[in-house]
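Here the structure is laid out as structure tokens; the discussion comes afterwards.
In what follows, every heavy atom counts, from backbone to side chain, and hydrogens, waters and symmetry copies are set aside. Letters A, B, ... are given to chains in the order of the sequence lines, protein chains preceding strands, and every chain is numbered from 1.
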2 protein chains.
Amino acid sequence: MRYSKSHKEDTRRKLLDSSRALVKKGGFDSTGVEALMSAIGLTPGAFYSHFPSKQALLEEVIREEMQYSLSMLKPQPADGGSTLNQRTKAYLSVPHAEHPEAGCVLPALGSELARIPVEVKSIIEDGLKDMHSVWNDELKDENAAWAVIAQCVGAVILARSVKSDATRREILRANRAQVDALLRSRARSD
Amino acid sequence: MRYSKSHKEDTRRKLLDSSRALVKKGGFDSTGVEALMSAIGLTPGAFYSHFPSKQALLEEVIREEMQYSLSMLKPQPADGGSTLNQRTKAYLSVPHAEHPEAGCVLPALGSELARIPVEVKSIIEDGLKDMHSVWNDELKDENAAWAVIAQCVGAVILARSVKSDATRREILRANRAQVDALLRSRARSD
DNA sequence: GTCTATATCTAGATAGAC
DNA sequence: GTCTATCTAGATATAGAC
């Protein structure tokens, strides 16, 4: 065969990794197949050897992204046991606001998610429930767990929607302070 | 003249009102000029008698939407003096989640706002600061004011991103409960 | 001001050569 | 598996008739 048997999965892997970043940066609808393929040095025609449609790629991107976001939320053995509070500070940071391509898919696609097909919404829902579970383990409060997830996603979206760096920093700082206060109050009452 | 002098502004008004709803429902990029014009019974060619470009329409849509959202947030003489808590309950409601075309522009466009030109981001920023001011008047807490705005926007986006009605209701209910608790605790300490 | 017609561009997707 | 070429459909925007 002209291509080794691992070549296809290598290319697919590269396409997925590259596409995840591009889609988070530019949005799904406005990022074309040509852009996705040329980013890995291929031409658009080759796309359809890996996915039957652009829509199918989106489904896989969302699946991997939700898994990635969840893994970032959970305590990592590798990072020396960072606290949930530390990880939230990173989420509500200027670098995260300025680099959607490396961040969480929820604020990056945000409102586009309201218009995706139901199969993809199932993936989102499952991932969100897992995230809620992680927060609830820490907070022991189902309502507060949903609220803090919503707050974090909303804060990053707002931070990315304003013009001035000063307001962006202010929005993020205020939200960090609120989450910090919430976590401290829960720790005291434990 | 073949058209009365008020005809142009009438058409422009109809186009803007109609476009505001369509853009919130379908997104800005994915709603074409043809769709915007046929919604008011005209053909695409006539669009450019009112706006030099689709981009110019977006700017006006955002301007009016931010003003509208702000007016909904402020106490209305007409509604018998509803409380901020009552208005927030309406924001975090299933009807709002299910009808983006009639709701707030922030969760409706959400992540698309991260990619709009800076002129439009200025409008968003000014509107957000006004909203923050309204919340701060009530809460007397700058951080909490930013947090609750982020939470409300994020909650509606999440509610629209999940598949099941049950989870959608749960996300909204939990967030309503949290905002309610925040407002009550502030009222006590006044 | 609005219409019809069209120019121009770009999108997603397919066909056949290599 | 990838490339080149192309089909079809849709977009924004323009030109000229009414």
Side-chain angles (χ1 to χ4, degrees), chain A residues 1-62 109 111-112 115-117 119-120, chain B residues 1-62 109 111-112 115-117 119-120:
Chain A
M1 58 188 73
R2 292 185 56 190
Y3 297 89
S4 71
K5 58 180 174 181
S6 68
H7 184 210
K8 176 163 184 173
E9 50 187 289
D10 281 357
T11 302
R12 182 189 156 96
R13 186 71 264 143
K14 264 191 275 186
L15 175 57
L16 266 170
D17 288 341
S18 169
S19 296
R20 286 169 59 187
L22 287 177
V23 159
K24 286 190 289 182
K25 186 175 184 65
F28 181 70
D29 282 344
S30 35
T31 304
V33 171
E34 192 279 332
L36 298 174
M37 292 305 282
S38 72
I40 59 168
L42 296 180
T43 54
F47 177 87
Y48 298 91
S49 300
H50 300 279
F51 292 97
S53 67
K54 198 189 164 194
Q55 183 65 45
L57 171 75
L58 173 65
E59 192 166 326
E60 194 57 28
V61 163
I62 296 287
L109 293 193
S111 48
E112 257 185 301
R115 295 182 280 272
I116 57 180
E119 314 94 71
V120 193
Chain B
M1 61 188 73
R2 291 185 56 191
Y3 297 89
S4 70
K5 59 181 174 180
S6 67
H7 185 209
K8 176 162 183 174
E9 49 187 288
D10 282 355
T11 302
R12 183 189 155 95
R13 186 70 264 143
K14 264 190 276 186
L15 175 57
L16 266 170
D17 289 341
S18 169
S19 296
R20 285 169 59 186
L22 287 177
V23 160
K24 285 190 290 181
K25 186 174 185 65
F28 181 71
D29 282 343
S30 35
T31 304
V33 172
E34 192 279 332
L36 297 174
M37 293 305 282
S38 72
I40 58 168
L42 295 181
T43 53
F47 177 87
Y48 298 90
S49 299
H50 300 279
F51 293 96
S53 68
K54 198 188 160 192
Q55 183 65 43
L57 171 75
L58 173 66
E59 193 165 326
E60 193 58 27
V61 163
I62 296 286
L109 292 193
S111 47
E112 258 185 300
R115 297 182 279 272
I116 56 179
E119 314 94 73
V120 193

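Identified under the salt bridge (Lys or Arg N to Asp or Glu O under 4.0 Å) test for residues 49-59 of chain A, with sequence neighbours left out: Glu59(A)-Arg63(A).
Rounded to an integer number of Å, the gap from Tyr48(A) OH to dG12(C) P is 6 Å. dG1(D) atom C1' lies 14 Å from atom CD of Glu9(A), rounded to whole Å. One atom, CZ of Phe47(B), and another, C1' of dA11(D), lie 13 Å apart when rounded to the nearest Å. If you take CG of Leu58(B) and P of dT12(D), they are 12 Å apart, rounded to a whole angstrom. Note: CG (Leu57(A)) to P (dG12(C)) measures 11 Å, nearest angstrom. Between the C1' atom of dG1(C) and the NZ atom of Lys14(B) lies a distance of 12 Å, rounded to the nearest Å.
If you take CD on Gln55(A) and CD on Glu60(A), they are separated by 12.5 Å, rounding to the nearest 0.5 Å.
Residues from residues 15-34 of chain A that place a heavy atom under 4.0 Å from any atom of DNA chain D: there are none.
Shown here are the side chain to side chain contact (heavy atoms under 4.5 Å, CB included) partners of Asp10(A), two or more places apart in sequence or in another chain: Ser6(A). For Arg12(A), there are no side chain to side chain donor-acceptor pair (under 3.5 Å) partners two or more places apart in sequence or in a different chain. A search for side chain to side chain contact (heavy atoms under 4.5 Å, CB included) contacts involving Leu42(A) returns Thr11(A), Met37(A), Ile40(A), not counting sequence neighbours. The salt bridge (charged side-chain N to carboxylate O under 4.0 Å, His left out) search around Lys25(A) returns Glu101(A), not counting sequence neighbours. In this view, Leu57(B) and Leu16(B), Ser19(B), Leu36(B), Phe47(B), Phe51(B), Val61(B) satisfy the side chain to side chain contact (heavy atoms under 4.5 Å, CB included) rule, not counting sequence neighbours. Considering only residues two or more places apart in sequence or on other chains, Ala39(A) meets the side chain to side chain contact (heavy atoms under 4.5 Å, CB included) condition with Ser18(A), Leu22(A). The side chain to side chain donor-acceptor pair (under 3.5 Å) search around Arg115(B) returns none, not counting sequence neighbours.
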Show me the donor-acceptor pairs within less than 3.5 Å that the side chains of residues 27-35 of chain B make with the rest of the protein, sequence neighbours left out.
residue: Ser30(B); atom: OG; partner: Gly26(B); partner atom: O; Å: 2.8
residue: Thr31(B); atom: OG1; partner: Gly27(B); partner atom: O; Å: 2.7

Per-nucleotide protein contact along nucleotides 2-7 of chain C, 5' to 3', at a 4.0 Å heavy-atom cut-off (B base, S sugar-phosphate only, - neither), is BBB---

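Recorded end-axis angle for the helix from dG1(C)-dC18(D) to dC18(C)-dG1(D) stands at 0°, based on five pairs per end and rounded to 10 degrees.
In this structure, the side chain of Ser53(A) engages the main chain of Ala56(A) through a donor-acceptor pair within 3.5 Å.
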